[in-house]
Amino acid sequence: MKEFSPETVAALRSYVYALIDPRKPATDPRRLFYVGKGIGQRCFHHADAEVRWKRSEEPNPKLELIRDIRRATGAPPPIQII
């Protein structure tokens, strides 16, 4: 899924979400590496930010991890709505 439908955005309003590192086993507590609060399409914007971010800019461990996951799996990290 790349974005929520307008109906889903209206129904959710605000939500809490987690980004998951699929390379880690389900029992590893570090599998969830970011938890955030979002509205609208916020949870999907991390992948876009990672694509635009350059390592020469200010260090960003979250975006580096997202980039590593994308390189290893060919996809952005899975998102879990909590």
Side-chain angles (χ1 to χ4, degrees):
M1 176 184 298
K2 302 262 184 211
E3 67 179 34
F4 294 129
S5 69
E7 296 81 18
T8 302
V9 170
L12 280 177
R13 296 181 61 253
S14 66
Y15 54 91
V16 175
Y17 64 98
L19 299 179
I20 300 167
D21 187 342
R23 302 168 301 170
K24 298 193 182 302
T27 56
D28 189 334
R30 296 169 298 165
R31 182 172 167 88
L32 300 179
F33 67 90
Y34 180 81
V35 176
K37 179 181 174 192
I39 58 172
Q41 307 294 345
R42 175 69 185 129
C43 64
F44 301 106
H45 291 174
H46 292 284
D48 293 337
E50 175 269 325
V51 171
R52 292 188 310 271
W53 175 72
K54 295 173 181 57
R55 288 184 194 268
S56 60
E57 296 176 7
E58 184 174 327
N60 190 318
K62 177 181 68 176
L63 294 181
E64 271 193 58
L65 183 53
I66 292 170
R67 182 171 285 170
D68 292 344
I69 291 168
R70 184 185 293 274
R71 285 186 179 148
T73 66
I79 300 166
Q80 180 178 350
I81 304 299
I82 301 173

Does any pair with a residue in residues 5-24 pass ring-ring contact (aromatic ring centres under 6.0 Å, His included), and if so which ones, sequence neighbours excluded? Phe4-Tyr15, Tyr15-Tyr17, Tyr17-His46

Got a sec, which hydrophobics cluster with Ile20, joining ILVMFWY side chains under 4.5 Å apart, including via others? Leu32

Please name all residues satisfying side-chain hydrogen bond (donor to acceptor under 3.5 Å, both in side chains) with [X], sequence neighbours left out, ordered by chain then number.
X     : value
Lys24 : none
Ser5  : Glu7, Thr8
Tyr34 : none

Does anything in residues 8-21 pair up under salt bridge (charged side-chain N to carboxylate O under 4.0 Å, His left out), and if so which pairs, sequence neighbours excluded? Asp21-Arg23

Taking only residues at least two apart or on different chains, which pairs with a member in residues 29-45 satisfy salt bridge (charged side-chain N to carboxylate O under 4.0 Å, His left out)? Asp28-Arg30

According to a hydrophobic-cluster definition based on side-chain heavy atoms being under 4.5 Å apart (Ile, Leu, Val, Met, Phe, Trp, Tyr only), do Val9 and Phe44 belong together? yes

Kindly list each side-chain donor-acceptor pair under 3.5 angstrom involving residues 73-82, sequence neighbours excluded, with atom names and distances?
unit_1 : atom_1 : unit_2 : atom_2 : d
Thr73  : OG1    : Ile69  : O      : 2.8
Thr73  : OG1    : Ala75  : N      : 3.3
Thr73  : OG1    : Ala75  : O      : 3.0

